[in-house]
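Sharing a structure here in structure tokens format.
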Amino acid sequence: MQEEVVIVGAGQAGAQVAQSLRQGGFEGPLRLIGDEPHPPYQRPPLSKKFLAGEIGAEGLWLRPPAFFETNNIDHIPATRVVAIDRGNKRLKLENGDTLSYGKLVLATGTNARRLNLEGADKKGVVTLRSIADVDDIRERMNSCQRVAIIGAGYIGLEVAAVAKALGKAVSVIEAQDRPMKRVVSEAVSDYFTKLHRGQGIDLRLDTGIEAIVGDGAVSGVKLSNGETVPAELVLVAVGAEPNDHLADEAGLEVDNGILVDGSGQTSDPDIYAVGDCTRFYSSRYQRSVRMESVQNAIDQAKAAAQALLGQEVDYDPLPWFWSDQYDIKLQIAGLSEGYDDTVVVGAPDNNKFYVAYLNSGQLIAVDSINSPRSHMMARRVIGETWREGLLPDA
């Protein structure tokens, strides 16, 4: 009889492990535990089409509920695991019950980072991570006119675009001197700065925050220069933190993410981890990396499932990401950290171009704006020496 596999975390990564195990011929008991009441669902549309009301909750589902029943996957929703007893190979649940496991997979994802700021707990100050979060944001947005967003990363800018399309007055406040600074070049940051300001967004860069103000409910964001930006809704979009505390408390090795090898195995041979909550060494990039992306969630989950099925695997992906803002699609292939030169191809003024990132003449990443051909080709040729014609025109 095959050992029971229990997966903690019913998001994209956890659901993919379960699916891949069944597709790979695993016939043993298989449990998928999630702390939300919904079937496993995709998160990227939360800040875009779902927030805008273009799709409902069912449009987010990765698989219909019948899929899990048909494949004999015991999906346990609305259940929180609070401790791992590695010695006895049991999980303690929030309600006091326990569950045994043969092999355990942690797919616990991330939590939205919160601000240690006066007023951050006021009514109307929100983060965006789940369906429940967006339901709350949408309800609040329906009854307000002014929205302030703290953070000009993917989530902040995507929500800004949706809120503006819904007729709200939108301010985006960013401590860095350009948007998405951590992941894109100046050329791409400049393009999105012009894009959002051109749409009427009050985009404030290189701006600090002193407090979130209001009498009970939020009424604005007080800046470090003393000015107050009025808002009845404030979204905190300052990144995410790996949900690795369960692993840490169980004595697994963690370092801003659960440390895993190329098979997804943790420091405990009976426990694996996959997705946004993990950190692994990449030979491709010669460093330890933690990725928050659909690509990583799916591909690392597939790799871990293969390992659980007894196959040799060494996960070292070429990452890719995307962001939709207004009618503009940004697609990123590779990791640009460490670049020493860039090449801009195409015309930003025509909303169609790409930026190639080079390190010592080698292509390491490409940001494509409304240029899907360059993105798809980049995923094939990253790592090669840059030369004219390596990528198609934008």
Side-chain angles (χ1 to χ4, degrees), residues 1-22 26-41 43 57 60-112 129-133 135-136 241-254 257-260 264-278 297 301 304-305 307-309:
M1 180 178 175
Q2 292 176 304
E3 285 187 291
E4 179 176 17
V5 174
V6 177
I7 304 164
V8 178
Q12 189 107 42
Q16 185 65 58
V17 172
Q19 178 180 329
S20 294
L21 283 173
R22 286 296 188 232
F26 178 74
E27 297 179 348
L30 182 55
R31 284 178 166 170
L32 178 63
I33 305 173
D35 60 5
E36 295 186 63
H38 313 283
Y41 64 90
R43 296 188 190 275
L60 299 173
W61 293 352
L62 294 168
R63 296 286 181 179
F67 170 85
F68 300 96
E69 183 176 351
T70 300
N71 287 275
N72 197 23
I73 299 169
D74 183 14
H75 173 226
I76 306 173
T79 299
R80 187 178 297 276
V81 176
V82 296
I84 303 169
D85 179 355
R86 291 168 54 196
N88 294 305
K89 299 180 75 171
R90 297 192 70 84
L91 302 176
K92 182 179 180 181
L93 308 183
E94 191 173 43
N95 64 7
D97 291 344
T98 63
L99 292 174
S100 63
Y101 67 85
K103 298 292 186 183
L104 176 64
V105 181
L106 300 176
T108 47
T110 61
N111 294 316
R129 179 62 188 160
S130 67
I131 286 176
D133 291 338
D135 286 342
D136 179 46
E241 298 174 328
N243 196 352
D244 59 7
H245 67 278
L246 194 62
D248 188 23
E249 291 171 358
L252 299 176
E253 294 182 6
V254 303
I258 305 169
L259 299 183
V260 297
Q265 191 177 75
T266 71
S267 53
D268 183 325
D270 290 321
I271 302 178
Y272 290 71
V274 294
D276 293 3
C277 66
T278 68
L308 286 163
L309 291 167

Kindly determine whether Phe26 and Leu308 satisfy side-chain contact (heavy atoms from CB on, under 4.5 Å), including the steps that lead there. CA-CA 9 Å; Phe26 178 74; Leu308 286 163; over 6 Å; no
**Message:** Can you confirm whether Ile271 sits close enough to Ile258 that some side-chain heavy atom of one is under 4.5 Å from a side-chain heavy atom of the other?
**Reply:** no
Here the gap from Tyr272 atom OH to Thr266 atom OG1, rounded to the nearest 0.5 Å, amounts to 8.5 Å
Hey, are the side chains of Leu30 and Ile7 touching, using non-hydrogen atoms and a 4.5 Å cut-off? yes
(Q) Run Arg86 and Leu252 through side-chain contact (heavy atoms from CB on, under 4.5 Å) and show every step you take. (A) CA-CA 10 Å; Arg86 291 168 54 196; Leu252 299 176; 3.9 Å; yes
- With a 4.5 Å heavy-atom cut-off, do Thr108 and Val8 have their side chains touching? yes
**OP:** Dump the intermediate steps for side-chain contact (heavy atoms from CB on, under 4.5 Å) on Val6 and Val81, then the final yes or no.
**Re:** CA-CA 11 Å; Val6 177; Val81 176; over 6 Å; no
| With a 4.0 Å cut-off, would you call Arg43 and Glu36 a salt bridge? | yes
Taking every heavy atom of Ile76 against every heavy atom of Thr79, the minimum-distance pair comes out as CG2-OG1, 3.4 Å
Nearest heavy-atom approach of Pro269 to Lys103 is O-NZ, 3.7 Å
Value for CG (Asp244) from CD (Glu249), rounded to nearest 0.5 Å, stands at 10.0 Å
Ser100 meets the side-chain contact (heavy atoms from CB on, under 4.5 Å) criterion, sequence neighbours left out, with Glu4, Arg90
Output for pair (Glu27 CD, Asn72 CG), nearest 0.5 Å, gives 10.0 Å
Less than 4.5 Å apart, side chain to side chain, heavy atoms only: is that true for Asp85 and Thr98?
no
Sorted by chain and residue number, the ring pair (Phe, Tyr, Trp, His ring centres under 6.0 Å) partners of Phe68 (sequence neighbours excluded) come out as His75
Between the CD1 atom in Ile84 and the CG atom in Asp268, the distance rounded to the nearest 0.5 Å is 9.0 Å
Worksheet entry | Criterion side-chain contact (heavy atoms from CB on, under 4.5 Å) on Gln12 and Leu62, from CA distance to verdict | CA-CA 8 Å; Gln12 189 107 42; Leu62 294 168; 3.3 Å; yes
Nearest heavy-atom approach of Arg129 to Asp276 is NH2-OD2, 4.3 Å
On a heavy-atom basis, the closest approach of Asn71 and Phe67 is ND2-O, 2.8 Å
Do the side chain of Asp248 and the main chain of His245 share a donor and acceptor less than 3.5 angstrom apart? no
On a heavy-atom basis, the closest approach of Val274 and Ala301 is CG1-CA, 4.0 Å
Rounded to the nearest 0.5 angstrom, the OG1-CD distance for Thr110 and Glu241 is 9.0 Å
In short, Ser20 meets Leu309 closest at the heavy-atom pair O-CD1, 4.3 Å
